[in-house]
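All values reported here derive from a predicted model rather than from experimental measurement.
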Amino acid sequence: FNANNVTLSVLGQAGSNLVLGAANVTSTAAGNLTATSALGNIGNAGAMSVAGTALFQTGNGNITIAQSNVGFGSLRFIGNQVNISETGNMDILTGSTAYGTAQLVSGGSISIIDQGSVVSFGNTVAMQAAGNITLTKLQAVGTIAVTATGTKDLSALSLSADLNSKTPVFGGAGANVDPKP
């Protein structure tokens, strides 16, 4: 794709894949990208650049955006298992949900942008960033692991309410800021 705003919506079937992009070509949305698959999975085959919001949503499928050179202005996801790697900063919009395990990797920093709700994880979540990780408005059922070369700031979260009384796992060289009790 190469357009201002791009919307791709398929019914799919269990186990099928909506594959975005192509090898050796960068798919570009100067505005927003909305990709939904009612029954299948969402993945990518090549680089993507989205200046606005990238929304990936599946009914009960998985989201795997793991090819190199992927960048979004902001990110929202709703799916079962979520594995997203972004070259630059990862700005996750509240309302994002991973029902299963999640792995989020950023070549920059990871932060949450408040749009009135929370980011929820129904299982374990691992976040890795080359910069800082700043988490607010987040709820996780499983353990959350944050690894960054910069500061890992969970001070806006409550250990008992937001993190289901599961102590976060910190990794990386930067400072760790614990959640509130």
Nearest 0.5 Å, what's the [atom1]-[atom2] distance between [X] and [Y]?
{"X": "Thr167", "Y": "Leu159", "atom1": "OG1", "atom2": "CG", "value": "5.0 Å"}
{"X": "Ile65", "Y": "Asn44", "atom1": "CD1", "atom2": "CG", "value": "4.5 Å"}
{"X": "Asn32", "Y": "Asn5", "atom1": "CG", "atom2": "CG", "value": "5.0 Å"}
{"X": "Glu86", "Y": "Ile92", "atom1": "CD", "atom2": "CD1", "value": "9.0 Å"}
{"X": "Asn132", "Y": "Thr149", "atom1": "CG", "atom2": "OG1", "value": "7.5 Å"}
{"X": "Ser27", "Y": "Asn2", "atom1": "OG", "atom2": "CG", "value": "8.0 Å"}

Shortest non-hydrogen contact from [X] toward [Y]:
{"X": "Ser106", "Y": "Met90", "result": "OG-N, 3.6 Å"}
{"X": "Met127", "Y": "Leu138", "result": "CE-CD1, 4.0 Å"}
{"X": "Gly131", "Y": "Ala148", "result": "O-CB, 3.2 Å"}
{"X": "Ser96", "Y": "Leu93", "result": "OG-O, 2.7 Å"}
{"X": "Ala129", "Y": "Gly108", "result": "CB-O, 3.3 Å"}
{"X": "Thr36", "Y": "Ser9", "result": "OG1-OG, 2.9 Å"}

Say whether [X] and [Y] are linked into one hydrophobic cluster, either directly or through other cluster members, by side-chain heavy-atom distances under 4.5 angstrom.
{"X": "Ile144", "Y": "Phe170", "answer": "yes"}
{"X": "Ile84", "Y": "Leu20", "answer": "yes"}
{"X": "Ile113", "Y": "Phe77", "answer": "no"}
{"X": "Leu8", "Y": "Val10", "answer": "yes"}

Sort out for me which residue in [options] forms a side-chain contact (heavy atoms from CB on, under 4.5 Å) with [X].
{"X": "Phe121", "options": "Val141, Leu104, Leu163, Asn164", "answer": "Leu104"}
{"X": "Val50", "options": "Leu75, Val6, Val70, Leu33", "answer": "Leu33"}
{"X": "Ser155", "options": "Thr134, Val177, Thr136", "answer": "Val177"}

Starting from the C-alpha separation in whole Å, work towards a yes-or-no answer on side chain to side chain contact (heavy atoms under 4.5 Å, CB included) for Thr64 and Ile42.
CA-CA 6 Å; Thr64 305; Ile42 298 174; over 6 Å; no
Under the side-chain hydrogen bond (donor to acceptor under 3.5 Å, both in side chains) criterion, do Asn60 and Asn80 qualify, and how do the steps go?
CA-CA 5 Å; Asn60 60 359; Asn80 184 29; over 6 Å; no
Please check: side-chain N/O of [X] versus main-chain N/O of [Y], any donor-acceptor pairing under 3.5 Å?
{"X": "Asn17", "Y": "Val19", "answer": "no"}
{"X": "Ser160", "Y": "Pro181", "answer": "yes"}
{"X": "Asn41", "Y": "Asn62", "answer": "yes"}
{"X": "Lys152", "Y": "Thr147", "answer": "no"}
{"X": "Thr101", "Y": "Thr124", "answer": "no"}

Determine whether Val118 and Thr94 satisfy the following criterion, side chain to side chain contact (heavy atoms under 4.5 Å, CB included), listing intermediate values before the conclusion.
CA-CA 5 Å; Val118 298; Thr94 55; 5.6 Å; no
Go through Thr58 and Ile63 one step at a time and tell me if the side chain to side chain contact (heavy atoms under 4.5 Å, CB included) criterion holds.
CA-CA 8 Å; Thr58 67; Ile63 301 168; 3.9 Å; yes
[Y] and [X], any side-chain heavy atoms less than 4.5 Å apart:
{"X": "Pro179", "Y": "Ser158", "result": "no"}
{"X": "Asp91", "Y": "Ile112", "result": "no"}
{"X": "Asp153", "Y": "Ile133", "result": "no"}

Do Phe72 and Phe56 have ring centroids that are under 6.0 Å from one another?
yes
With a 3.5 Å cut-off and no angle check, do the side chains of Thr97 and Ser120 form a donor-acceptor pair?
yes
I'd like to know whether Thr53 forms a side-chain hydrogen bond (donor to acceptor under 3.5 Å, both in side chains) with Ser74, so could you lay out the CA-CA distance, the side-chain angles of the two residues, the decisive distance to 0.1 Å, and finally the verdict.
CA-CA 5 Å; Thr53 299; Ser74 58; 2.8 Å; yes
Got a sec, which residues hit side-chain contact (heavy atoms from CB on, under 4.5 Å) with Gln13, two or more places apart in sequence or on another chain?
Ser16
Tyr99 and Gln81: CA distance, side-chain angles, deciding distance, side chain to side chain contact (heavy atoms under 4.5 Å, CB included) verdict
CA-CA 7 Å; Tyr99 301 106; Gln81 294 180 17; over 6 Å; no
